[in-house]
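Chain letters run A, B, ... following the sequence lines, proteins first, then strands; residues in each count from 1.
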Amino acid sequence: MAHAHAHDGHDHDHHHGPDKGIMRWIKTTNHKDLGTLYLCFSFIMFFIGGLMSLVIRAELFQPGLQFVDPEFFNSMTTMHALVMIFGGVMPAFTGLANWMVPMMIGAGDLALPRVNNWGFWILPFGFAMLLSTLFMPGGAPAGGWTMYPPLVLQTGNAFPMLIFAVHLLGISSITGAINVVVTILNMRAPGMTLLKMPLFVWTWLITAYLLIATMPVLAGAVTMLLTDKYFGTSFFTASGGGDPVLFQHIFWFFGHPEVYILILPAFGIVSTIIPTFARKPLFGYASMVYATASIGFLSFIVWAHHMFTVGMPLAAELFFMFSTMLIAVPTGVKVFNWVATMWRGSMTFETPMLFALGFVFLFTLGGFSGLMLAITPVDFQYHDTYFVVAHFHYVLVPGAVFSIIAAIYYWIPKWTGRMYNEKLGKLHFWLSAIFINVTFFPQHFLGLAGMQRRVPDYNVMFTDFNVVSSIGAFAFFFSQFIFIGNMLVCMFGKRDGKVSDRVWEGTHGLEWTVPSPAPYHTFEDPPQVGENGEPVSAGQTAKAH
Amino acid sequence: MHASDTRLVIGPNASLSPRQALLFMALVCSAALPVAIGFALVGLWPILPFAGLELGALALALWVSLRRNRYREVIDFEADRVRVGYGWMQAGAVAQIDWPRVWTRVELLPGGNRHQPSQLRLRQAGQILRLGRCLTDEERERLHRRLKELLPPVWSYTPAEESERNPTQEVLTGG
């Protein structure tokens, strides 16, 4: 729908460009502006969360206590996770959705632009509140991002701030999810049926569904923590008849779908990039959609694999073990399809493709260690060790973060009209791919040997692997400045030669029919999509070129 | 109510029907509500109000979006009058104009630059009404041609005899 209102005042200035100055960014309802804001915000958060990880790795460089006291170390592990998950990965995917979903489905903007603005601007306040706890008496939350009671109830003044911040971040996520859902359902261009939508749009639709289904559980859980601490309730307080383990159940009922919220959009990105650089259509499009939906469904029935060691009936342990293993089936379908897409393709290895391939290879490694953790008796040995840390970092860093980087390299020529520096991009990839393995691969061995997570000191026998891991972490962190520099040049550098509308040779889809850089308002008139999912509206295409 | 010989109905592009929206709401509720109710039954009632709030927000968002789908511009051509009404279906027209048919002109202006859509306008005695913003450029061109047929220059205008009229309704939706 281009315009619902033909005669209201809003439309009189609809075709103007953006406002000037800071107010453009504060008042904007444009999906591209808000996408940029989300992405910039997420990179600030990645930087802050990255600094926290360096504090952790510096402390773990040697056994004994070097730089920080144990309480602050625990604050760092807690805040690192909260910042990276809620401030880094989720806003980055929301930013990508803001930029690309309307362009991919031929819509002019998201369905609820003002809600979009509000959803973004909640985030800085939420994180200001969360990060301010670092300077409070009693320090920042240190009970882990999972906020398990009774430990988290011992948090000092930071506790209500933590709960309120989580609520704000949840509201932001929900507004984003609702906006994406309504946009995808109601604003697709004529001819763009559900099974012609790009995979990135499909994965975001399912992600939004998961967010809507699970966020109330998190909101309720943290509210009950708050009432337990301040209002005398005993939801999770054993002395009052409550059950602390029940919190773990409801947290992970939210938490496991959250894991897929963090990875499904990555699947969509990789499913977009690989066909482009293999110059072949995606193998098994429909099976990819069904696999994504299956993963979404299974994410609701596997939560207790995070807490095998709390003591569950054998039948429950078996159920959660097998249901978790079942996830390997649709995930395997996806990996198979990516590989089959590349099979006999005319492949080239530009930076987005390198990161996508890095994703496929390293995410699969993370998936395999996940399968190991799914085996209940084995999990009893691995639980709360560095093996778990290695597993989820393999899934989240070369998984989610690599896909975000790949997406930015892939789409930034469309956003800015300038091509990034390919040599620097490749250097960035190789440094990232090498040092992410240097950082996290040794942690598998540390975990198998029995090193516990969330502990600032360790037995001297773990020293060598920790030294390697810390060196890798610092090198990975500093490698990312190549990326930042490359992107800043794209955004603000000298304009020496514009890229074409269809930046990459093997691209398909509506987003490549608009000029580069994409105009402030795209698809004022919805384009027409043909049988093969390609645009057929001659007028629109002519205008775009 | 006057008998019109031709009626043009213009509406926005929409990919969601109310039935599909209900189906989607049912799909979301089928995941969120049993969980929230289940937790409430074991005593964890605070999840339920959050689920209700969130589902309410989703329903509101869908309703707002569907409401926009109901926007229509209706142009009725009578022997000597042109009536244009616009508003939301089932809510009546929010505004109407009633102009003499022979003095009403139609014009199609190209967009200011290649990113701007064209403008289709009806003019009469210094008054201007913009039409068909929810259509594509091509559809506006098509509508422009049709409107020119229905609004010929005054010197060539011959109102049809009552008996010759063959009332028709033409529906144009965006995209």
Asker: Of all the heavy-atom pairs spanning B:L27 and A:Y209, show the shortest one and how long it is.
Answerer: O-OH, 2.8 Å
Asker: Can you see which heavy atom on A:L112 is nearest to which on B:A61, and at what distance?
Answerer: CD1-CB, 3.5 Å
Asker: Restricting to ring-ring contact (aromatic ring centres under 6.0 Å, His included), what partner residues turn up for B:F50, sequence neighbours left out?
Answerer: A:H167
Asker: May I ask you to test the B:I47-A:M224 pair for a side-chain heavy-atom distance under 4.5 Å?
Answerer: yes
Asker: Which heavy atom of B:S15 sits nearest to which heavy atom of A:L185, and what is that distance?
Answerer: OG-O, 2.8 Å
Asker: Pick whichever of B:L58, B:V42, B:L66 has the most heavy-atom pairs under 4.5 Å with chain A.
Answerer: B:L58
Asker: With a 4.5 angstrom heavy-atom cut-off, could you sort out which part of B:A36 is near chain A: side chain, backbone, both or neither?
Answerer: neither
Asker: Does B:F24 reach the side chain of A:V181, with side-chain heavy atoms less than 4.5 Å apart?
Answerer: yes
Asker: Counting only non-hydrogen atoms closer than 4.5 Å, can you tell me which residues of residues 240-249 of chain A sit against chain B?
Answerer: A:L246
Asker: Of all residues at least two apart in sequence or in a different chain, which pass the salt bridge (Lys or Arg N to Asp or Glu O under 4.0 Å) check with B:R70?
Answerer: none
Asker: I need the residue from B:G87, B:P46, B:A57, B:A31 with the largest number of non-hydrogen atom pairs under 4.5 Å to chain A.
Answerer: B:P46
Asker: Among residues at least two apart in sequence or on other chains, which ones pass salt bridge (Lys or Arg N to Asp or Glu O under 4.0 Å) with B:R145?
Answerer: none
